[in-house]
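Contents: one structure, followed by commentary.
Per chain, numbering begins at 1; letters A, B, ... match sequence-line order. Computed from a predicted model, the values in this text were never measured in an experiment.
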Amino acid sequence: MSGRSLGRRGREWMLALVMLGPSAVILGVFVLYPLGRAVWLGHQRCDAQAKNCATKSWSEYTDVFQSREFQHSLWVTVKFALLTVPIGIALGIGLAVLADRHLRGIGFFRTVFSSTVATSVAVASLMWLFLLQPSRGVLANVGWLQDLFPVIKSPGLLHDPGTALSGVALSSIWANLGFTFIIVTAGLQSIPRELHESAYVDGAGGWRRFTNVTIPMLGPTLVFASVVLTSRAFQTFGEIDLLTAGGPTPQDSTSTMTYLIYGRTSPIKSDAGLQSAVAVLLFIVLLVLSLLQLRGIERRVHYGS
Amino acid sequence: MRHVANVRLESITKVFDGVTAVDDVDLDVADHDFMILLGPSGCGKSTLLRMIAGLEVPTDGTIVIGDVVVNDIEPKARDVAMVFQSYALYPHKTVRANIEFPLKVRGVSKPERAVEADRAAESLGLTEYMDRKPGQLSGGQRQRVALARAIIRHPAVFCMDEPLSNLDAKLRSETRAELVALHRRLDSTFIYVTHDQVEAMTMGTRVAVMSRGRVEQVGTPQEVYAKPATTFVAQFIGTPPMNLLPPGVAEQGDLIVGIRPEHVGVDPSASLRATVQLVEHLGHETLLDTRVGDTRVMVRLDGDAIGPEIGTEIGLDVPVRHWHRFDPATGRRVDP
């Protein structure tokens, strides 16, 4: 009896292993092993290829965390996220609300608004590079913009240490707008029409319906958008590499954490150990941040009925 | 405080993308009426209600509430409240916040709102649920919250769009009685859309039967049942519907003869012969489904009647005093 049940359990185990095998292998090879290797490398000092490494202590992580370079890059990254996420979401909501009407030809505008999802970071960055180029750039040579922001002509938005991060943020917000627009549009369309109608009959004007119906009903969508956009902001690399290369120097005003890890001009570019340590710290920062966001916002968000 | 709230619709037409949803409707809803707009789905009854509430603009015609033409007046200025089929409660707000919302929008102070909300909640038995969210309530309770949100404003006109259709049968019949009581207590005009003739017959002081965007007949429930103005009304009201015998079946003439199932008798000696297709014993009544030639004739007998065997031939007695005669061309009633 027990032998038979043991046999059956054995077969179930085998079946489970066969079923789980493929995904376990993929997860192991492409996620867990690299993660483990990065954590391991992080307490070593290596050459650029991680061929020759010398093991240090685990306190290497705290040393890296406390270093001036890391603290600076963390602060730049936080500023970048604070610039891009709220503005990106606000613009996404604005465009989605504008396009959420039954008007002739609205499909054209929806396509235009969502088109940036089909634009690669490289193309978006180059486009903004050309737009903001001080001597020839279309945007940099608009008269009233120059009067309003003299910096866009001299030295140029991306060349002034005080504004370079905003310049990169501009490009990043634009590139992410299509994504935000699409998910907010989907969220808007899932709000029952009667809620708006009921508020309308009860005397609520457009703004009141927006704040009392639209925004609360979009809650889950906005949580999702803010978590994804924050995580994207913390991992932004392409725009910075192409637009400012972490500069302008010596302030390194756009040297974010990913740029510190991977940038061409990064001070740690020739030490795979230090690079890994920063990468692991970035992972931890993002993990904590996402949990805080979900916890903090979820308390105030309504999911379904 | 209370204003006179008769509603008058004059030649109202609504066209959506070339499709006529409401076609030249005239309707007078007297002050304090409980007017039922009754009809099958797609007959234009909800569109008509939405035009009264201000959610749709008529393509043509005039809507008058009180003495004011309201065609171009926003819903909030019409003094109209609306209860939706889906209740349209705000899922993120508590019951209290839901009920208070119309007053909040109007800038009523918080303490005053609370007093009014408590009063509305108490009258509908919602006091203990004030801090819950709609998601934590049953269907019947949600429906009451929607009613409370409507009555808190003391509107002159209540528009209700199938508010009972999401409730189960037992709750529906209880709520019907409560709505009638509410109508008496509030001293307001109710305009109530439904496709359910039972709701129409039991609640309405008057019924407007609609079909294909037009009003077929307006009258008290008794009038509409006893003297249907068209073959559509004859067949839409009553379960089972009125039997319609084509010209030549019951009398030698060119008119359609209608007769209610309860007025048809079984008489072996009668000359009108029918074949029994089905016998339904429903307890309080027995229904015979018979055929006279190709024409279906339903017969309602007492519950304890022993029906004939299926397939047998019986004679049907169709007394002339219960006839309703209709013109086959127009479908309109010929008898006074």
Contact class of [X] relative to chain A, heavy atoms under 4.5 angstrom:
X      : value
B:R78  : neither
B:K104 : both
B:Y90  : both
B:L103 : neither

Do A:R232 and A:F179 form a cation-pi contact, if we require the NZ or CZ to be under 6.0 Å from the six-membered ring centre and within 45 degrees of the ring's axis?
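Checked: cation-pi criterion met.
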Have B:S46 and B:D161 got a donor and an acceptor in their side chains that come within less than 3.5 Å?
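Yes, a side-chain donor-acceptor pair sits under 3.5 Å.
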If we count only N and O atoms by modelled type, under 3.5 Å, do the side chains of B:Q141 and B:Y129 hold a donor and an acceptor together?
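There is such a pair between these side chains.
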From B:R106, B:R153, B:K76, residue fulfilling side-chain hydrogen bond (donor to acceptor under 3.5 Å, both in side chains) relative to A:D202
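The passing option is B:R153.
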